[in-house]
Enquirer: 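Below: one structure in structure tokens.
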Amino acid sequence: MPRKRETMSTPSTYDLVIIGAGPGGYVGAIRASQLGLKTCVVEKDKCGGVCLNWGCIPSKNLIHQAQTFAEIKALEDMGVEVNPDGFDYGIVQKKSRSVTQRLNKGIEFLLKKNKVELIKGEARIENVGKIGLSDGRTIYGKNIIIATGSRPSAVPGFEFDHQRVLSSNDILAMQTLPKSLIILGAGAIGCEFSYVMNTFGIKVTLVEMVDQVLPFEDDEIAAQLKKAFTKSGIDVLTGHKAVSMDKSGKDIAVTLADGNGKQQVVEAEKVLCVFGRRPNTEDIGLEKIGIETEKGYIPVGAYYQTAVSHVFAIGDVVATPLLAHVASKEAEIAIEYIAGHGTEKKIDVDAIPSAIYCEPQVASFGLRESQAKANGIQYKKTVFPYSAIGKAVAIDKGEGLVKVLTDPTSREILGCHIIGHDATELIHELLLAKSAELLPDDIARMVHAHPSLSEILMEVMRGTSGEAIHI
């Protein structure tokens, strides 16, 4: 019997409604369609979420262009005269936005190809299985996934004015460069923009409240990055808390205090505040179905199910690492559970790769040395430098190291931390080895192409048993 045509008076019913078309929402929608679920995704802005529109993708394009700009010095070393007077940052910014626009269209194409209905507008849960749309329509979903993402956190006294005091969104929209910039917060975003702005000739002061840049990375790796940043001309002030901000002058004055309470004032034309992100869990109807949040985050079970049957939450609205690849994987786990297709549970935090795309790059997974010491975990540390790898020296990228922690008895890989060129690509070989429960010898015996940067992984694995060759 032919299905009744759906009209304004006959609301649409879906097997699954996903609220948010970011890297969790759109990936989940496509996977749901592959598994035979009638699916729609509701998005109030553009497909791709923060990652594609105001995060991962445009910032990586800026980093790529900054790296190209940095090659001027290499050209000059070869006797080429380069005149940068015609440099226009507006062109750089426009190119980063064009990349985003192209990928936006790509996601919409993928949704259409996979027969996922994309609804543009805002969604609010009215009841279990019932969603109201901003255009007045109502749709029904047997299952609902909340994937509404996050936004930059604002801190009292350092509120964004979007002109001089910037969020991460604002700096991506900026079309002209300031002469100087203070960056408050030396996490991944702060470090990446420190690299970009410094490379384009901006005087950068990077401030971090704790005693190291990249607070969630290995402290030895963080120290190496601070050293590299300082060498490149970035003023790095760790262990300093931003106390107040004065915008009355031509430049913004930020008062900082160190751990002993000693204060100093730093000034710059603009300030970028990157104090973290807040989940978008307000005004989506959680209270109507009895879902309570914890510090803004939605508690979830092993398959990202909430306390309410048939309602799930993934990505930045749950208390897991705020990373695009985490959201995508969480979506797949939830979808496969809904479809009765798989039994894979919550992502193992130790199996999540971290990637920071400044130069030198930083990448890691698993146990940090400070964690091992704090928790009394026995470990063996093996370090191998980039400077001992032929390819790294040949391409003038000899700065950096690979650090691996292994169990001294079982020799299990516990964690890996890399700083250096292409670290964000190299990390995955050892993560695969850990996930497959391989031992260092399995990597050490595998033939790696010469010359290649990946030889450093072979060498560090040989080093776990004291058999490294090139050091």
Side-chain angles (χ1 to χ4, degrees), residues 59 62-63 66 69-70 89 92-93 152-217 219 221-278 356-360 362:
S59 66
L62 291 182
I63 290 169
F69 189 83
Y89 184 76
V92 171
Q93 193 271 345
S153 292
V155 173
F158 298 88
E159 292 84 358
F160 309 124
D161 63 19
H162 309 296
Q163 298 296 324
R164 302 175 71 200
V165 183
L166 311 176
S167 69
S168 55
N169 288 20
D170 297 325
I171 198 165
L172 283 166
M174 186 174 67
Q175 297 182 16
T176 58
L177 291 172
K179 292 181 179 178
S180 53
L181 178 70
I182 296 169
I183 298 179
L184 300 179
I189 297 172
C191 285
E192 289 181 356
F193 277 111
S194 291
Y195 167 72
V196 170
M197 294 294 115
N198 179 67
T199 301
F200 284 130
I202 307 310
K203 177 60 179 174
V204 175
T205 302
L206 177 61
V207 181
E208 173 54 51
M209 183 170 63
V210 303
D211 290 333
Q212 67 175 60
V213 299
L214 299 178
F216 299 108
E217 295 295 327
D219 52 5
I221 298 295
Q224 289 281 323
L225 183 63
K226 181 179 179 180
K227 181 179 178 181
F229 273 8
T230 302
K231 183 180 178 181
S232 71
I234 299 170
D235 286 340
V236 184
L237 299 173
T238 52
H240 284 72
K241 180 180 180 180
V243 176
S244 62
M245 180 173 62
D246 181 0
K247 300 194 293 179
S248 61
K250 180 180 178 182
D251 285 340
I252 300 174
V254 177
T255 299
L256 306 175
D258 65 15
N260 297 317
K262 182 180 179 180
Q263 294 190 349
Q264 66 172 302
V265 176
V266 293
E267 296 183 346
E269 185 179 334
K270 294 190 178 186
V271 175
L272 170 63
C273 296
V274 278
F275 298 122
R277 302 187 66 82
R278 294 183 60 187
I356 297 96
Y357 297 84
C358 48
E359 187 63 38
V362 173

Enquirer: Please evaluate residues Cys191 and Val213 with respect to the criterion side chain to side chain contact (heavy atoms under 4.5 Å, CB included), reporting the C-alpha separation (whole Å), side-chain torsions for both, the decisive distance (0.1 Å), and the verdict.
Expert: CA-CA 8 Å; Cys191 285; Val213 299; 4.2 Å; yes
Enquirer: My understanding is that only one of Val362, Val196, Ile63 makes a side chain to side chain contact (heavy atoms under 4.5 Å, CB included) with Tyr357; could you say which?
Expert: Ile63
Enquirer: Run the side-chain hydrogen bond (donor to acceptor under 3.5 Å, both in side chains) test against Asp219 and tell me which residues pass, sequence neighbours left out.
Expert: none
Enquirer: Using 0.5 Å steps for rounding, measure from the CD1 atom of Ile356 to the CD1 atom of Ile221.
Expert: 10.0 Å
Enquirer: Does any N or O in the side chain of Glu159 come within less than 3.5 Å of the main-chain N or O of Gly157, such that one atom is a donor and the other an acceptor?
Expert: yes
Enquirer: Side chains of Cys273 and Leu166: closer than 4.5 Å at any heavy-atom pair?
Expert: no
Enquirer: Distance check, rounded to the nearest 0.5 Å: Ile189 atom CD1 versus Cys358 atom SG?
Expert: 12.5 Å
Enquirer: Would you name the heavy atoms of Leu272 and Ser168 that are closest together and state the gap between them?
Expert: CD1-N, 3.9 Å
Enquirer: To check you understand the geometry: which heavy-atom pair defines the closest contact between Leu214 and Ala188, and what is its length?
Expert: CD2-N, 3.8 Å
Enquirer: Write out all pairs satisfying ring-ring contact (aromatic ring centres under 6.0 Å, His included) with one or both partners inside residues 162-201, taking only residues at least two apart or from two chains.
Expert: Phe69-Phe200, Phe87-Phe200, Tyr89-Phe200
Enquirer: Could you pull out all residues at least two apart from Asp235 that satisfy side-chain contact (heavy atoms from CB on, under 4.5 Å)?
Expert: Lys203, Thr205
Enquirer: Mind checking salt bridge (charged side-chain N to carboxylate O under 4.0 Å, His left out) for Asp211 and listing every partner two or more places apart, or none if nothing turns up?
Expert: none
Enquirer: With rounding to the nearest 0.5 Å, note down the distance linking NZ in Lys270 to OG in Ser180.
Expert: 10.5 Å
Enquirer: If I compare all heavy atoms of Asn169 with all of Pro152, which pair ends up nearest, and what's the gap?
Expert: OD1-CG, 4.1 Å
Enquirer: Checking Gln163 against Asp170 for the side chain to side chain contact (heavy atoms under 4.5 Å, CB included) test, could you report, in this order, the C-alpha distance in whole Å, the side-chain angles of both residues, the deciding distance, and whether it holds?
Expert: CA-CA 8 Å; Gln163 298 296 324; Asp170 297 325; over 6 Å; no
Enquirer: Working to the nearest 0.5 angstrom, can you tell me the gap between Met209 CE and Leu184 CG?
Expert: 11.0 Å
Enquirer: Main chain of Val271, side chain of Arg164: is a donor-acceptor contact present, judged purely on distance under 3.5 Å?
Expert: no
Enquirer: Provide the closest heavy-atom pair for Gly190 versus Leu206 in the form atom of the first, atom of the second, distance.
Expert: O-CD1, 4.1 Å
Enquirer: Would you compute the distance between atom CD1 of Ile182 and atom CE of Met245 and round it to the nearest 0.5 angstrom?
Expert: 9.5 Å
Enquirer: Apply side-chain contact (heavy atoms from CB on, under 4.5 Å) to Phe216 and list each qualifying residue two or more places apart in sequence or on a separate chain.
Expert: none
Enquirer: Anything under 3.5 Å between a donor and an acceptor, one on a side chain of residues 171-179, the other on a protein residue two or more places apart or in another chain? List them.
Expert:
none

Enquirer: I need the minimum non-hydrogen distance between Glu269 and Asp251, along with the two atoms involved.
Expert: CA-OD1, 3.6 Å
Enquirer: Quick check against the 3.5 Å criterion: does Glu208 have a side-chain atom that pairs as donor or acceptor with the backbone of Lys241?
Expert: no
Enquirer: So, using side-chain hydrogen bond (donor to acceptor under 3.5 Å, both in side chains) as the criterion, who are the partners of Asp258 when residues are at least two apart?
Expert: none
Enquirer: Suppose we screen for side-chain contact (heavy atoms from CB on, under 4.5 Å). Which residues come up paired with Gln264, at least two apart in sequence or across chains?
Expert: Leu237, His240, Leu256, Val266
Enquirer: Of the non-hydrogen atoms in Pro215 and Val210, which two are nearest, and what is the gap between them?
Expert: CG-CG2, 3.6 Å
Enquirer: Enumerate the salt bridge (Lys or Arg N to Asp or Glu O under 4.0 Å) contacts for residues 187-196, please, sequence neighbours excluded, ordered by first and then second residue.
Expert: Lys60-Glu192
Enquirer: For Ala253, which residues count as a side-chain contact (heavy atoms from CB on, under 4.5 Å) partner, sequence neighbours excluded?
Expert: Asp246, Val265, Glu267
Enquirer: Once rounded to the nearest 0.5 Å, what's the spacing between atom OG of Ser153 and atom CZ of Phe158?
Expert: 14.0 Å
Enquirer: Taking side-chain hydrogen bond (donor to acceptor under 3.5 Å, both in side chains) as the definition, give me every residue that meets it alongside Ser194, ordered by chain and number, with sequence neighbours left out.
Expert: none
Enquirer: Output side-chain donor-acceptor pairs under 3.5 Å for residues 225-234, partner residues at least two apart or in another chain, one line each.
Expert:
residue : atom : partner : partner atom : Å
Lys226  : NZ   : Thr238  : OG1          : 2.9
Thr230  : OG1  : Lys226  : O            : 2.9
Ser232  : OG   : Asn198  : ND2          : 3.4
Ser232  : OG   : Phe229  : O            : 2.7

